[in-house]
Protein chains: 2
Amino acid sequence: MSVTLKDVAALAGVSRSAVSRTFTEGASVSAKTRSKVEKAALELGYSPNALASSLTTGRTKLIGLISNNFHNPIFLEVFDQFTRALQERGLRPLIVNLTDETEPANSVRMLRQYSVDAAIVASSTLPPSFAKAFHDAGVPVVHTFGRSATSPEVHVVGIDNVECGRMAARELLARGYRHVGYLGGPKDATSALDRHRGFTEELCDHPEINVTHCFASAYSFEAGRSEMLRLLADSPAEAYFCGDDILSVGALSALAEHGLKPGKDIGIIGLNDMEMSRWQSVDLTTIHQPIKQIITSSVDLVEQMLKEPQRYPEARIFPCRVIERGTLRPRL
Amino acid sequence: MSVTLKDVAALAGVSRSAVSRTFTEGASVSAKTRSKVEKAALELGYSPNALASSLTTGRTKLIGLISNNFHNPIFLEVFDQFTRALQERGLRPLIVNLTDETEPANSVRMLRQYSVDAAIVASSTLPPSFAKAFHDAGVPVVHTFGRSATSPEVHVVGIDNVECGRMAARELLARGYRHVGYLGGPKDATSALDRHRGFTEELCDHPEINVTHCFASAYSFEAGRSEMLRLLADSPAEAYFCGDDILSVGALSALAEHGLKPGKDIGIIGLNDMEMSRWQSVDLTTIHQPIKQIITSSVDLVEQMLKEPQRYPEARIFPCRVIERGTLRPRL
DNA sequence: GCGCGGATTGCAACCGGTTGCACCCCCGGG
DNA sequence: CCCGGGGGTGCAACCGGTTGCAATCCGCGC
């Protein structure tokens, strides 16, 4: 069926080693041999079997990409960036869709069976222990969008969610809101908890401010919308920090259904700055998370780990900033 | 480093073959041997190397998933469905992000290097020749969302785009629009061309109707928006068939910016029925494409091809239907 | 013309499994 | 008690490459 090393060797009249060497970077082959081999390879349409070579080299260039955010539009951007960044470096993403799972055991086993060189956990909801399971199984791992503070054993690339919560709180204060609310993601999502913590901590110093909070059932449009509908039914706050842009968009829909104008009747500030937030019909004031930098950095880190698997774990935290659009009233 | 067959064999006191057999379905092993092996395997945390075994079995369970639609929100749904459907069947998606490429050569080579068992081309814009390149290279392939009529050599699963164009035209006629337009995807996308063809063919029989058409630069929000802005600047039609929901959403934004009410001032009908189209703030009348069925069917087909690689090619076409929402005026 | 050393090359073992085949063991029937 | 046969087992070859090592080649200086 497929053409192998041996076929090329036979046609070129050299040993199998010679063929192997012409296809491996930096091996010692004379120009003459190389050209004979290349000619034969071209003629037969040969290209080396990456899996077979992985057996001896121990490197597959396969990178496990594990996520559970398949319902948040931001993931489309994340996904595009990851696949491109990996491809550019000659690495191949092997996807794991975690949607209904939170136990790492299956993914770990599966990715080990495929001998991935490393794994990337791309999720803001999974706990540090999830990524650690890969580490413990000997799979180099980066947790992108992970919780930073408490993960000394695993590389984390992302943002400081607590600080983002603070930032949102300061922003609402600066605009003179007196009754503010947090509309977060699911209660078991680390990002939802951390953002909540920052938000409430910052407001502790302001006893005059009335603070409420609630958690949506998921990072999704419907969850944001239905949660906001619930809030609107019973004396809502003046402004909300939504833990994610997709929740914000859901909340905005709820406002519209009640005939309320965002920014005027009720303030909304999101987090992520996904593409859709820029759309004129959405025009969401939000905290920008530098997705592209985070992903590039994550893939860089993965690449480094390939050379140095035992690399000392680090947290790479990127600053966020508020993007002013139309869903908060002006600063005082 | 990692534990191998040999280690387990040694601990269990049996031959390597025995271990291999206890891990392969339907091999002949006595209960006693099996239990000894399982105990040893558990103790060592052994799990077989899928890549090594692929060398002799010729099966990797790796499926190449190739796409270029990373900027259309519908792809999030597509992607979720594909990865889940594959996982459920024990297959592993190896992603190729084609974004800036239209030549199959690189993807084919790469996927062959990784010995994928099959490839899925998930794109409504790539020509049949793209998928055929995989077929010609001996890689079983399914073109999902591909052009149906002209691809006798490759499996295609999707919809009849020409018929969808017709359907859109009939829908606009039924609502009494006299001046209608087609706002399609990129001119080189097969789906844009086919939908255009159906749309104009259907209207040929109605010389009293004024028909215009244009093609956006991409299937994206911005492309739809800017194209509609251009149209609005110069005597627009009464209603448009947008070749994709994301174009529709962009077009809707343009309408809003001009203070025009969709369904009242200008009609819009899309295609796809993506989740966002259901949002109250979008409320897009559109042609529903049965994404889930298409994907399930595609993966079924892939699975069949694993058993029967030379299977005679077929086109699986799923019917679409109009979903009435708020962006067209009522039927007469 | 000869010797030397670095560059090339082929051999053979190995990576982690799978599998055809021969052999062994055990049981039941004659 | 002997024989036949089927299931279970291990040996060894093989899947498609890689790589350490020893042998060979070649050009150059003396």
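The sequence lines fix the lettering, A, B, ..., with proteins before strands; numbering per chain opens at 1. Computed from a predicted model, the values in this text were never measured in an experiment.
Relative to the side chain of A:Leu55, the nucleotides C:dT9, D:dA12, C:dC15 differ in distance, and C:dC15 lies closest. Nearest to the side-chain atoms of A:Thr56 among the listed nucleotides D:dT18, D:dT9, C:dG10 stands D:dT18. Candidate nucleotides D:dG8, C:dT8, D:dG16 were compared by shortest atom distance to the side chain of A:Ala52, and D:dG16 ranks first. Ranking D:dT18, D:dT9, D:dG16 by closeness to the B:Ser28 side chain, first place goes to D:dT9. For A:Ser20, the listed nucleotide lying nearest its side chain is D:dT18; candidates were D:dT18, D:dC15, D:dC11. For B:Ala18, counting side-chain heavy atoms from C-beta on, the closest listed nucleotide (C:dT9, C:dG17, D:dG10) is D:dG10. Of the candidate nucleotides D:dT19, D:dG17, D:dC15, D:dT19 has the atom lying nearest to any side-chain atom of A:Thr57. With C:dT8, C:dT19, C:dG10 as the choices, the nucleotide that has an atom nearest any side-chain atom of A:Arg21 turns out to be C:dG10.
A sub-4.0 Å separation between OP1 or OP2 of C:dG16 and a side-chain N or O of A:Tyr114 is absent.
With 3.5 Å as the limit, one finds a donor-acceptor pair spanning the side chains of A:Ser123 and A:Asn68. Under the 3.5 Å distance criterion, with hydrogens and angles disregarded, no donor-acceptor pair is assigned to the side chains of B:Ser2 and B:Tyr46. Between the side chains of B:Ser54 and B:Thr57, no donor N or O sits under 3.5 Å from an acceptor N or O.
Among the atoms of the strands shown, only primed sugar atoms or phosphate atoms (P, OP1, OP2) are found under 4.0 Å from some heavy atom of B:Ser53. Among the atoms of the strands shown, only primed sugar atoms or phosphate atoms (P, OP1, OP2) are found under 4.0 Å from some heavy atom of B:Thr24. Residue B:Val19 is out of contact with every strand shown, counting any heavy-atom pair closer than 4.0 Å. Residue contacts shown for B:Thr4 are limited to sugar-phosphate atoms, with no base heavy atom under 4.0 Å away.
In terms of position on DNA chain D, the residue among A:Ser17 and B:Ser17 whose nearest nucleotide sits closer to the 5' end is B:Ser17. Judged by closest nucleotide on DNA chain D, A:Leu5 is the one of A:Lys32 and A:Leu5 placed further toward the 5' end.
Checking side-chain atoms of B:Tyr114 against main-chain N and O of A:Thr60 turns up a donor-acceptor pair under 3.5 Å.
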